[in-house]
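Numbers restart at 1 for each chain; the letters A, B, ... are given by sequence-line order, proteins then strands.
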There are 2 protein chains.
Amino acid sequence: MPENERGARARTRQAILSAAIEVLGQNPAAALSEIAAAAEVGRTTLHRYFPERSDLLKAVAAEGSTRLDRATASARLDEGSGADALLRLCREYFDLGSLLSLIFTDPDCLSDATPILDDGCDDRFSAMIDRGHRDGTIDIALPAPWLSSLMWSQLYAGWSYVSQHGASRHEVLELLVRTVDGAVAPRATAG
Amino acid sequence: MPENERGARARTRQAILSAAIEVLGQNPAAALSEIAAAAEVGRTTLHRYFPERSDLLKAVAAEGSTRLDRATASARLDEGSGADALLRLCREYFDLGSLLSLIFTDPDCLSDATPILDDGCDDRFSAMIDRGHRDGTIDIALPAPWLSSLMWSQLYAGWSYVSQHGASRHEVLELLVRTVDGAVAPRATAG
DNA sequence: CTCTAGTGGAACTGAGGTGTTCCACTTGAG
DNA sequence: CTCAAGTGGAACACCTCAGTTCCACTAGAG
């Protein structure tokens, strides 16, 4: 049904979804009234678009999954060295903003649509890391699932840093890339 | 009042506190009945020790704060190079186990007793990082608050990795230390 | 203008969590 | 044994949230 929506209905639906991502990212147990307030719609209207809470959560998962896929595609994981691709991915994902909070504070939320932290990572991610292992730009001692955990936790930390300390988005992104880069780089002194 | 408790009362109180840390770490919105069940006591008993939910939360904060302080003291932050001290701190904090989940999923919980993620870090932490900046073991481009975020997010990622993937605690700790070490090390190529 | 789509407020029911009281049970000390 | 401490279950009132229904309001199309 949501496919045929145009104009006002599509706009309202999108406003509710964005508000839900925002609010649920801060507090996964938030009441629907909070989400409605954040979206600047009545609670009745929210129920009109998403009859049950689970319907909203499903839609949020789908929306989040879509944004995630778009960001992944933009990172062109199969180009350049493994480490370069990983850093590109970090930059793209960082733009997901409050969705990062949601993914991190409620990992089960998106897991139906797109497994992220559960199985460690998906195939494209693994392939990128493997390439990095082979081309010598990623520390061979660090397995892909661990690097997935590493990346997501850093992204969340970076995003929190921005939203809480009010630091510059760009500045924090550079700190983030610098630390991830250092973390994955092969050790100079190790065998 | 809790000070004078002995024997059965002290034991029960401690069981409830530990269960609360465990359960609230998984789900900060968990019902008291869940915590009581995890502690293997009746809900009535839980209310006898902590009349209101807020009383329990306060006690959890105090307990968590105590464990945190003990771990910090064990790390001897003022010994050795800055980077060595930071890695020691990671190892000590990693032993906090499920408390890591609680600290991360509910940052406001301990913030009254011990500010952690809000102001970035406390004085001892800053002093350690400053020392690392001076002795050349910590990348000068990485400020203390950012390194605090970095450390905590990695600790949480590591702990989740252990509890979800069922990976070896020791193995994950070594991965954790390796990545943190790489992240904070001064760059070979940078000026 | 009229009609309709979209909306929001008010009020209700039901479910689940909280906080309380009361009573019965177990266990260890004397 | 007796007594007291500690405990757990049952039942209750209260609150919040979810989900529903009904009605009134507004804005745009005709």
Under 4.0 Å, counting only non-hydrogen atoms across every strand here, what does Phe50(A) touch: a base, just sugar-phosphate, or nothing?
nothing
Test log, rule side-chain contact (heavy atoms from CB on, under 4.5 Å), inputs Arg48(B) and Arg13(B):
CA-CA 10 Å; Arg48(B) 243 191 290 269; Arg13(B) 169 177 293 268; over 6 Å; no
Length of the line joining Glu52(B):CD and dC15(D):P, which is rounded to integer Å:
14 Å
Could you state the interatomic distance from OG1 (Thr105(B)) to CG (Asn27(B)), rounded to the nearest 0.5 Å?
8.5 Å
Leu24(A) backbone acceptor or donor facing Asp106(A) side chain under 3.5 Å
no
Contact check, residues 31-40 of chain A vs DNA chain C, heavy-atom distance under 4.0 Å, returns Glu40(A)
Please report, rounded to the nearest Å, how far the C1' atom of dT7(C) is from the CZ atom of Arg11(A).
13 Å
Can you find a pair of side-chain heavy atoms, one from Asp95(B) and one from Arg169(B), that are under 4.5 Å apart?
yes
Using the test side chain to side chain contact (heavy atoms under 4.5 Å, CB included), find all partners of Thr179(A) that sit at least two apart in sequence or belong to another chain.
Gln154(A), Leu142(B), Trp146(B), Leu150(B), Ala183(B)
Taking five pairs at each terminus, the helix from dC1(C)-dG30(D) to dG30(C)-dC1(D) shows an axis bend, to 10°, of 10°
Salt bridge check, Glu63(A) against Arg67(A): does any charged N sit closer than 4.0 Å to a carboxylate O?
yes
State, to 0.1 Å, how close Ala61(A) and Cys109(A) come at their nearest heavy-atom pair, and which atoms those are.
CB-O, 3.6 Å
Using a 4.5 Å cut-off on heavy atoms from C-beta on, say whether the side chain of Asp181(A) contacts that of Leu87(A).
yes
By side chain to side chain contact (heavy atoms under 4.5 Å, CB included), which residues pair with Arg124(B), not counting sequence neighbours?
Asp69(B), Thr72(B), Leu77(B), Asp122(B)
Closest contact, heavy atoms only, Val41(B) versus Leu46(B):
CG2-N, 4.5 Å
Reference residue Trp152(B); test ring pair (Phe, Tyr, Trp, His ring centres under 6.0 Å); the match among Phe125(B), Trp159(B), Phe104(B), Tyr93(B)
Tyr93(B)
Could you tell me whether the side chain of Glu79(A) reaches within less than 4.5 Å of the side chain of Arg88(A), counting heavy atoms only?
yes
Would a distance-only check, ignoring hydrogens and angles, find a side-chain to backbone donor-acceptor pair under 3.5 Å from Arg43(B) to Ser33(B)?
no
Is the shortest side-chain N/O distance from Tyr49(B) to OP1 or OP2 of dG6(D) below 4.0 Å?
no
Can you find a side chain N or O atom of Thr45(B) that sits less than 4.0 Å from OP1 or OP2 on dG8(D)?
yes
Mind listing the residues from residues 22-29 of chain A sitting with a heavy atom below 4.0 Å of DNA chain C? Number order is fine.
none
Nearest-angstrom distance from the residue atom NE2 of His47(A) to C1' of dG8(C)
13 Å
How long is the straight-line distance from CG of Leu100(B) back to OH of Tyr156(B), given to the nearest 0.5 Å?
10.0 Å
Report each atom pair, protein N/O against N/O of nucleotides 9-12 of chain D, whose distance is under 3.5 angstrom.
| residue | atom | partner | partner atom | Å |
| --- | --- | --- | --- | --- |
| dG9(D) | N7 | Thr44(B) | OG1 | 3.1 |
| dG9(D) | O6 | Thr44(B) | OG1 | 3.2 |

Arg9(A) CZ - dT7(C) P separation (whole Å):
6 Å
To the nearest angstrom, the CZ-C1' distance between Arg53(B) and dC14(D) comes to 17 Å
Expressed in angstrom and rounded to an integer, what is the separation of Leu46(B) atom CG from dT20(C) atom P?
12 Å
